[in-house]
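Before any comments, here is the structure.
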Amino acid sequence: MDSQLQVYNTLTRQKEVFKPINPPLVGMYVCGPTVYSDVHLGNCRTFVSFDLIYRYLQHLGYKVRYVRNITDAGHLEGDRDEGDDKFTKKAKLEQLEPMEIVQKYTLGFREVMRLFNTLSPNIEPSATGHITEQIEMVKQIIDSGLAYEVNGTVYFDVEKYSKDQNYTILTNRELDDLLANTRELGGQDDKKGRLDFALWIKAKPEHLMRWPSPWGWGFPGWHIECSAMSKKYLGDTFDIHGGGLDLAATHHTNEIAQSQACNHAEPAKYWMHTNMLTVNGTRMSKSAGNGFLPFELFTGNHPLLSRAYSPMTVRFFMLQAHYRSTLDFSNEALEASDKGFKRLMSAVHLLDKLPVAASSDYDVQDLSRRCYAAMNDDFNSPVLIAELFEAVRLINSVYDGKSKLDKQSLDQLQQLINAMVFDVLGLQSEEKSEGDLAGIMDLLIRLRNEAKAKQDYATSDQIRMSLQDLGIQLKDSKTGTTWDKI
RNA sequence: GGUCGGAUGGCCGAGUGGCUAGGCAGAGGUCUGCAAAACCUUUUACAGCGGUUCGAAUCCGCUUCCGACCUCCA
């Protein structure tokens with residue numbers, strides 16, 4: 001590899017050479033889901049993007065500790081620092097315990113992540129499991145003079161913090177503009193400043209999810225959860241903090257302020273943000289009513305979809321766009337990805353059937369260089385995929401006898417393709433029980449070839465057409481017949 | 001209203017101051033008993049108007065349109 005990994009850092013608004021604090025160790029924290037409802041496809045995109053990043057860092061030899069939290073408490077409806085959190089609200093709606101809601105949607109989330117073939121994080125901490133750490137952190141922020149308690153709720157003092165620190169470091173906005181433009185909301189008379197946010201929130205006696213604290217019974221604010229958990233498992237300062245772009249202006253901005261106030265250190269060296277999935281140019285979200293649920297895709301049960309799309313098709317679709325670009329979702333775009341993905345995988349399956357030649361007329365080394373260059377350029381998976389389609393053409397034409405590869409080149413090619421397709425992009429073959437089928441298919445192909453040799457085309461066509469009806473397509477070429485599931 | 005980011009061919013999407021990704025769709029061809037697959041060739045582009053430059057879709061300015069954030073959101 002002759003290029004270095006470059007990572008776009010939201011903090012500096014430019015690509016930087018990636019230099020871990022303690023190589024080969026890398027600490028990466030990604031804000032996980034709030035498990036009060038099903039994850040929609042937009043949520044999934046973020047986790048698929050960070051899965052790509054995690055996989056590539058590991059592929060480069062880094063020992064990554066990937067922490068992704070489960071937010072299972074404290075996430076309020078709206079901006080009011082009072083009332084029920086989302087779990088309590090949903091629990092009432094579904095007539096369940098709040099922790100039943102948490103369990104239900106956590107399991108659902110993990111199942112969806114499994115279907116998308118994302119690797120599990122090394123640690124998946126939950127907010128309710130780290131109440132002590134959060135209380136401790138709030139105490140330290142109060143001790144540093146940057147938070148105050150009013151009537152059982154603790155607020156972070158943004159204006160005081162801003163005297164010594166840059167509160168808007170992540171989004172580069174002017175504090176005065178923020179102050180001038182932040183909406184005045186009712187019910188928050190306890191706050192000193194309108195930008196102040198809650199670290200700990202007082203709970204009413206009937207509130208189901210509440211814990212004792214130095215400030216009475218309550219529950220943690222959303223932002224403090226991530227600060228406390230990242231500190232516990234990755235330390236005061238770690239390498240990468242990631243999440244959706246929508247979290248940057250508020251959640252991550254507040255996280256930085258909290259961690260600075262508590263630890264007197266920047267929490268993360270590189271802040272990485274993934275862009276939004278859009279539908280007709282508008283961000284996919286539950287409130288907009290344009291949220292697709294993963295299972296709606298996998299079953300095709302949605303008015304905008306003409307049919308079902310597999311998890312791998314959807315993953316491939318996501319990886320065909322760069323993680324920092326918005327990606328527009330449509331039936332037509334998915335259809336294109338589905339065909340492209342199948343073409344790629346068909347060629348991958350041909351890899352170990354390629355004939356070895358005495359010499360090569362293709363430079364595999366150069367292809368490899370371009371693949372790594374693409375990924376090193378801030379994880380540019382669409383360019384990597386474009387390079388892989390050049391490999392597809394190569395593989396097909398070697399199979400057709402129009403190009404040739406010697407033993408060494410073939411080995412290199414196999415290694416490269418397997419590494420990029422399976423390890424880095426995290427794609428997987430969708431053919432189930434292929435092993436069982438393979439023998440049967442060999443038999444059928446042989447019978448068909450025998451019929452063809454006898455010019456018994458009625459029989460050969462019957463085999464081909466019947467298999468077609470069963471969803472298996474035969475592909476004839478000079479070197480023989482292969483098959484694929486349609 | 002404030003801040004920021006976009007506008008690429010029928011669709012989705014990369015990229016770059018000159019060599020003009022890729023996938024899908026369309027057209028033609030090769031191969032083939034037929035079909036499919038595969039391969040080859042090929043048509044549609046860089047929102048508009050100015051400016052900088054030998055040269056801009058790429059840099060700068062303005063205009064129009066769109067989006068995100070500023071309020072929970074991946």
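The shown structure was predicted, so the numbers you read here are calculated from the model rather than taken from an experiment. Values below: every heavy atom of this structure, side chains too, minus hydrogens, waters and symmetry copies. Chain A is the first sequence line, chain B the second, and so forth, proteins listed ahead of strands; every chain is numbered from 1.
Counted within 6.0 Å of CD on A:Gln428, heavy atoms from surrounding residues, nucleotides or ligands total more than 12; the atom is thus considered enclosed.
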**OP:** Go through the steps to decide whether A:Arg55 and A:Asp51 satisfy the test salt bridge (charged side-chain N to carboxylate O under 4.0 Å, His left out), and finish with yes or no.
**Re:** CA-CA 6 Å; A:Arg55 284 169 177 276; A:Asp51 187 57; 2.8 Å; yes
Subject >> side chain to side chain contact (heavy atoms under 4.5 Å, CB included) evaluation trace for A:Cys226 with A:Tyr29 >> reply: CA-CA 9 Å; A:Cys226 287; A:Tyr29 187 93; 3.4 Å; yes
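Judged by distance alone, the side chain of A:Thr278 and the main-chain N or O of A:Leu327 form a donor-acceptor pair under 3.5 Å. A:Thr313 contributes no side-chain N or O that, together with a main-chain N or O of A:Asp338, makes up a donor-acceptor pair within less than 3.5 Å.
For the pair A:Thr278 and B:A68, the criterion of a side-chain N or O lying under 4.0 Å from OP1 or OP2 is not met. For A:Thr250, a side-chain nitrogen or oxygen approaches OP1 or OP2 of B:C70 to under 4.0 Å. For B:C4, the OP1/OP2 oxygens have no side-chain nitrogen or oxygen of A:Asn172 closer than 4.0 Å.
Salt-bridge annotation for A:Asp378 and A:Arg324: present, with a side-chain N of the basic residue lying under 4.0 Å from a carboxylate O of the acidic one. Salt bridge status for A:Asp366 with A:Arg370: present, with a side-chain N to carboxylate O gap under 4.0 Å. A salt bridge does not link A:Arg464 to A:Asp476: none of the charged nitrogens lies less than 4.0 Å from a carboxylate oxygen.
A distance below 6.0 Å separates the ring centres of A:Phe109 and A:Phe47.
For B:C19, there is no paired base (Watson-Crick or G-U wobble, both distances below 3.5 Å). Checking B:C39 for Watson-Crick or G-U wobble geometry (two distances, each under 3.5 Å) identifies B:G29 as its partner. Remark: B:G10 base-pairs with B:C24. Criterion, Watson-Crick or G-U wobble with two distances under 3.5 Å. Of the nucleotides present, none pairs with B:U71 by Watson-Crick or G-U wobble criteria with both distances under 3.5 Å.
B:G13 atom P lies 10 Å from atom CD of A:Gln320, rounded to whole Å. B:A68 atom P lies 12 Å from atom CG of A:Leu277, rounded to whole Å.
Looking at A:Asp461, its side chain comes within 3.5 Å of the base of B:G33 through a donor and an acceptor atom.
The stretch residues 42-51 of chain A touches RNA chain B through A:Gly42, A:Asn43, A:Thr46, each having a heavy atom within less than 4.0 Å of the strand.
Comparing B:A74, B:G15, B:C12 against the side chain of A:Asp328 picks out B:C12 as the nearest.
The aromatic rings of A:His241 and A:Trp271 sit parallel, their planes meeting at an angle under 30°, below the 60° perpendicular limit.
Each of A:Gln134, A:His223, A:Gln258 was compared with A:Leu199 under the side-chain contact (heavy atoms from CB on, under 4.5 Å) criterion, and only A:Gln258 meets it.
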Original post:
What string of B, S and - do you get for nucleotides 6-11 of chain B, 5' to 3', if B is base contact, S is sugar-phosphate-only contact and - is no contact with any protein heavy atom under 4.0 Å?
Top reply: -----S
Original post:
Along nucleotides 35-46 of chain B, 5' to 3', which nucleotides get a B, which get an S, and which get a -, given that the test is a protein heavy-atom distance under 4.0 Å?
Top reply: BBBSSS------
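The aromatic ring of A:Tyr457 sits over the base of B:G33, with ring centres less than 5.5 Å apart and planes inclined by under 30°.
With hydrogens and angles left out, the side-chain atoms of A:Lys454 and A:Thr459 include no donor and acceptor closer than 3.5 Å.
Annotation: B:C19 and B:U43 have their P atoms spaced 16 Å apart (nearest Å). Only the C1' atoms considered, B:A74 is 27 Å distant from B:G22, to the nearest whole Å.
Each of A:Ser285 and A:Ala458 was matched to the nucleotide of RNA chain B holding its nearest heavy atom; the match closer to the 5' end belongs to A:Ala458.
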